[in-house]
Amino acid sequence: MPELPEVESARLVLERHALGRTIADVDDSDTYVCRPHLPGEMRAALVGRRLTEANRRGKSMWCETSGLHDAEAGPTLGIHLGMSGKIVFVDRGGEEIDGGDYWQRGRARGDHRFTRFALRFTDGTAVMLVDPRRLGRVRLDPPVERLGPDALDITLPQFRAAMARGSAPVKARLLDQEALAGVGNLLADEALWRAKLNPNRPVDELTRAEVDRLRRSLRAALDQAVAGGGVHTLSVIPARHADGSCPRCGARMVRGTVGGRTTWWCSREQPGAALPA
DNA sequence: TATAGTGTTATCGG
DNA sequence: ACCGATAACACTAT
């Protein structure tokens, strides 16, 4: 599902099409995705306004809105894609003309069965959140202040600080959105594989050189995935299966659970392994 | 029919 | 209170 690169693709869909159009109607009837709002609450807050900015930090997006009648700006619209969310833009005829294709798996273009939220504009176009699993979220004035630095912007000192606390496995720390924002399960495996670090290594046992190497690897993985439009374009992802082998050295890939998530690593290049029972 | 899953968060135990 | 591990969430694809 969406990690930073996919969310950036979704943000660009909003930026290309949703900014500047006037909101005519809002479908906020899914009370699970739109919690804690009541149905109609977001519609009442947004109709007549325009989206003026599409922002992102880690996997969270938020849009600023215009004021009504030259008044001050409106509320902030927060969007999180969860595990299966996609942002899709459709034209006046309901034809899908952008979005969604950054992650085609399990969904045909134009399949809007799982639309959970939508903004319809005065010109008849619309943006929608298509999210089969409904783990995505849309809300007003979302809390984003708890997120750590965006993984694309994080400086070396900030990255060192993010890895400096506690003794969790390094992969668990990479996934901690309060430490740094944007890294998901696949990106974490890729960065660790590139840095040749075992995902179970406790952060407090990493050398400074290893931490710095990890940041370079993460940066390279992010750049590749953002350019390619998604984490599915990363190198080690195709090897995450039962008889997968390391794309670099050919050794068998090993599967385990780290930080509560399914994790794959190279048995030869990422040694160190399982913590003693 | 049973299971895994690209994310987040409440809850529990140390 | 801090930290880390786990379950739960909702639902589809395999």
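The basis for the numbers below is simple: all heavy atoms, side chains too, and nothing from hydrogens, waters or symmetry mates.
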Table please: side-chain donor-acceptor pairs of residues 249-260 of chain A below 3.5 Å, with sequence neighbours left out.
none

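- Between A:Arg165 and A:Asp204 there is no salt bridge, since no side-chain nitrogen of the basic residue lies less than 4.0 Å from a carboxylate oxygen of the acidic one.
- For the pair A:Asp98 and A:Arg16, the salt-bridge criterion is met [side-chain N within less than 4.0 Å of a carboxylate O].
- For B:dT8, one of the phosphate oxygens OP1 or OP2 lies less than 4.0 angstrom from a side-chain nitrogen or oxygen of A:Gln177.
- Using a 4.0 Å cut-off between charged nitrogen and carboxylate oxygen, A:Arg240 and A:Asp189 count as a salt-bridge pair.
- Between the CZ atom of A:Arg146 and the P atom of B:dT9 there is a distance of 7 Å, rounded to whole Å.
- With rounding to whole Å, A:Met83 atom CE is found 13 Å from B:dA4 atom P.
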Give me the distances for all protein-to-nucleotides 6-10 of chain C N/O pairs that come in under 3.5 Å?
unit_1	atom_1	unit_2	atom_2	d
C:dA10	O4'	A:Arg133	O	3.3
C:dA10	O3'	A:Arg134	NH1	3.0
C:dA10	N1	A:Arg133	NE	3.2
C:dA10	N1	A:Arg133	NH2	2.6

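- One interatomic measurement links the two molecules: CZ of A:Phe114 to C1' of C:dT12, which rounds to 7 Å at whole-angstrom precision.
- Backbone-only contact: A:Arg255 has heavy atoms under 4.0 Å from sugar-phosphate atoms and none from a base.
- Here A:Leu14 contributes atom CG and A:Leu51 contributes atom CG; the two are 7.5 Å apart, rounded to the nearest 0.5 Å.
- A donor-acceptor pair shorter than 3.5 Å cannot be found between the side chains of A:Ser9 and A:Glu6.
- Between the CG atom of A:Leu81 and the P atom of B:dG5 there is a distance of 20 Å, given to the nearest Å.
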Intra- and interstrand pairs of DNA chain B - dot-bracket, Watson-Crick/G-U under 3.5 Å, | marks other strand: .||||.||||||||
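- Regarding A:His241, its NE2 atom lies at a distance of 16 Å from the P atom of C:dT14, rounded to whole Å.
- Taking atom CD1 of A:Ile79 as the reference point, atom P of B:dT8 lies 15 Å away to the nearest angstrom.
- A salt bridge links A:Glu210 with A:Arg201: at least one charged nitrogen is closer than 4.0 Å to a carboxylate oxygen.
- Separation of atoms CG (A:Leu214) and CG (A:Leu174) is listed at 5.0 Å; rounding is to 0.5 Å.
- The side-chain tip of A:Arg248 points at the ring of A:Trp193 from less than 6.0 angstrom away and within 45° of straight on.
- Judged as a ring-ring contact (aromatic ring centres under 6.0 Å, His included), and not counting sequence neighbours, A:His80 has no contacts.
- Between A:Asp111 atom CG and C:dC11 atom P there is a gap of 16 Å when expressed in whole angstrom units.
- Rounded to the nearest Å, the gap between the C1' atom of C:dT12 and that of B:dT9 is 22 Å.
- Among residues at least two apart or in separate chains, ring pair (Phe, Tyr, Trp, His ring centres under 6.0 Å) pairs with a member in residues 8-65 of chain A are A:His17-A:Phe89.
- Protein atom CG of A:Asp189 is 11 Å distant from nucleotide atom P of B:dG7, rounded to whole Å.
- We find that A:Arg35 and A:Asp30 are not joined by a salt bridge, their nearest charged nitrogen and carboxylate oxygen being 4.0 Å or further apart.
- Look at A:His80 and you won't find any side-chain N or O under 4.0 angstrom from OP1 or OP2 of B:dG7.
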Between the protein and nucleotides 2-4 of chain C, which nitrogen or oxygen pairs come in under 3.5 angstrom?
unit_1	atom_1	unit_2	atom_2	d
C:dG4	OP1	A:Ser167	N	2.5
C:dG4	OP1	A:Ala168	N	2.8
C:dG4	OP2	A:Arg173	NH2	3.4

